[in-house]
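Inspection log for the structure reproduced underneath, given as structure tokens.
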Amino acid sequence: MRDAYHEELDSIGEDLVEMARLVGSAIGRATTSMLDADLKLAETVIAADQKVDDLQHDLEARAIALLARQQPVATDLRIVVTSLRMSADLERAGDLAQHVAKQVRLRYPESPVPHDLHTTLLEMGQLAQRLMAKAAEVIITKDVDLALELEQDDDEMDLLHRTLFQHLMDDRWKHGIETAVDVTLLGRYYERFADHAVSVAKRVVYLVTGEHADEIQPLETPVEGA
């Protein structure tokens, strides 16, 4: 019975990795569809989100069943509860990738992004994909140091997000209010997607250490001659 129990815990972890990989792929494809005004690709992203939702629902049902049947304590309880929270983060990240694709559908045959912002949005999309790939690696390896890096990596997304707003607030903005709203929404989707990747990594830190990531102090670099 205990072997079956731990196999089920391992299976839940594998599903989390699969969810992370799916939503990472989704944000990458959504970005391409946005920049290329590719409606067909956008529709595949929108449809594929159902698989992420199904995985999340299945994981949730199995986790709740484990809680009811096994009544885990200590580390095992932390695994189950943290896995539930990570699956919610990943499901929401998938929704955000879908929102990007739906914005493409809304503005087709035009791109929702003016050409002079393509580079910034491309960078945001690529960074979002890298952050989620790193979150998947953290789930697999349980590497606390790697997990803690994600919050620093997210600073780059915040900088890109601010860059978008600088364009929107510039007196030379010539693309109109509708496009400004589109860009504002898209920027928010990417920024929130990155936040969910960071949240997943923080939950792994808690899973491994029993401490919240914000409570862990980085090691100080020794001062020469001290």
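We number each residue from 1, following the sequence as shown.
Applying the side chain to side chain donor-acceptor pair (under 3.5 Å) definition to pairs two or more places apart or across chains, those involving residues 112-132 are Asp116-His175. Residue pairs meeting the salt bridge (charged side-chain N to carboxylate O under 4.0 Å, His left out) criterion with at least one partner in residues 175-186, sequence neighbours excluded, are Arg107-Glu178, Arg107-Asp182. Among residues at least two apart or in separate chains, salt bridge (charged side-chain N to carboxylate O under 4.0 Å, His left out) pairs with a member in residues 78-92 are Asp89-Arg203, Arg92-Asp95. Here side chain to side chain donor-acceptor pair (under 3.5 Å) pairs that include residues 18-28, with residues two or more places apart or in two chains, are Ser25-Arg29.
Between Val205 and His212 there is no side-chain heavy-atom pair separated by less than 4.5 Å. Using a 4.5 Å cut-off on side-chain heavy atoms (C-beta onward), Leu121 and Thr31 make no contact. Looking at Leu106 and Pro112, their side chains never come closer than 4.5 Å, going by heavy atoms from C-beta outward. For the pair Tyr108 and Ser33, the minimum side-chain heavy-atom distance is 4.5 Å or more. Between Phe193 and Met132, the closest side-chain pair of non-hydrogen atoms falls below 4.5 Å. In this structure, the side chains of Met157 and His161 stay at 4.5 Å or more apart for every pair of heavy atoms. Side-chain atoms of Ile12 and Leu66, non-hydrogen and from C-beta on, do get closer than 4.5 Å to each other. Taking 4.5 Å as the limit, some side-chain heavy atom of Val204 sits within range of a side-chain heavy atom of Met86.
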### Query
Going through the distances and angles, do Val183 and Thr179 end up as a side-chain contact (heavy atoms from CB on, under 4.5 Å)?
CA-CA 6 Å; Val183 170; Thr179 301; 4.2 Å; yes

### Message
Please determine whether side-chain contact (heavy atoms from CB on, under 4.5 Å) holds for the pair Leu90 and Leu16, giving the CA-CA distance in whole Å, both sets of side-chain angles, and the decisive distance to 0.1 Å.
### Response
CA-CA 8 Å; Leu90 293 168; Leu16 289 171; 4.0 Å; yes

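Taking each heavy atom of Ile27 and Ala128 in turn, the nearest pair found is CG1-CB, 4.1 Å. Closest of all the heavy-atom pairs between Ala197 and Ala135 is O-CB, 3.8 Å. Heavy atoms only, all atoms of each residue included: Ala30 and Ala97 are closest at CB-O, 3.6 Å.
Under the 4.5 Å side-chain heavy-atom criterion for Ile, Leu, Val, Met, Phe, Trp and Tyr, Met124 and Val45 are members of distinct hydrophobic clusters. Cluster membership for Val73 and Val80, using ILVMFWY side-chain heavy atoms within less than 4.5 angstrom, is not shared. In this structure, Tyr206 is not a member of the same hydrophobic cluster as Val200, with clusters built from ILVMFWY side-chain heavy atoms closer than 4.5 Å.
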Which atom pairs, one a donor and one an acceptor, fall under 3.5 Å between side chains of residues 163-171 and the rest of the protein, sequence neighbours left out?
unit_1 : atom_1 : unit_2 : atom_2 : d
Thr163 : OG1    : Leu159 : O      : 3.0
Asp170 : OD1    : Arg172 : N      : 2.8
Asp170 : OD1    : Arg172 : NE     : 3.1
Asp170 : OD2    : Arg172 : NE     : 3.4
Asp170 : OD2    : Arg172 : NH2    : 2.9

Can you give each donor-acceptor pair under 3.5 Å made by side-chain atoms of residues 35-42, sequence neighbours left out, with the distance rounded to 0.1 Å?
unit_1 : atom_1 : unit_2 : atom_2 : d
Asp38  : OD1    : Lys40  : N      : 3.3
Asp38  : OD1    : Leu41  : N      : 3.0

Kindly list each side-chain donor-acceptor pair under 3.5 angstrom involving residues 139-146, sequence neighbours excluded, with atom names and distances?
unit_1 : atom_1 : unit_2 : atom_2 : d
Thr141 : OG1    : Glu137 : O      : 2.9
Thr141 : OG1    : Asp143 : N      : 3.3
Lys142 : NZ     : Ile139 : O      : 2.6
Asp143 : OD1    : Asp145 : N      : 3.1
Asp143 : OD1    : Leu146 : N      : 3.0

Atom pairs and distances, donor-acceptor, side-chain atoms in residues 54-61, under 3.5 Å, two or more places apart:
unit_1 : atom_1 : unit_2 : atom_2 : d
Asp54  : OD1    : Gln50  : NE2    : 2.9
His57  : ND1    : Asp53  : O      : 3.2
Asp58  : OD2    : Arg62  : NE     : 3.0
Asp58  : OD2    : Arg62  : NH2    : 3.4

Residues 148-156, side-chain donor-acceptor partners within the protein, below 3.5 Å, at least two apart:
unit_1 : atom_1 : unit_2 : atom_2 : d
Glu149 : OE1    : Lys134 : NZ     : 2.8
Glu151 : OE2    : Lys202 : NZ     : 3.4
Asp153 : OD2    : Lys134 : NZ     : 2.6

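Looking at residues two or more places apart in sequence or on another chain, you find a side chain to side chain contact (heavy atoms under 4.5 Å, CB included) between Leu185 and Gln103, Val181, Tyr189. Taking the ring-ring contact (aromatic ring centres under 6.0 Å, His included) definition, one finds that Tyr190 meets it with nothing, sequence neighbours left out. Residues passing the side chain to side chain contact (heavy atoms under 4.5 Å, CB included) test with Glu14, sequence neighbours excluded: none.
For the atom pair Arg188 CZ and His99 NE2, the distance stands at 11.5 Å (nearest 0.5 Å). Atom CG of residue Leu96 and atom NZ of residue Lys102 lie 11.5 Å apart, to the nearest 0.5 angstrom. With rounding to the nearest 0.5 angstrom, the CG atom of Asp10 is 8.5 Å from the CD1 atom of Ile79.
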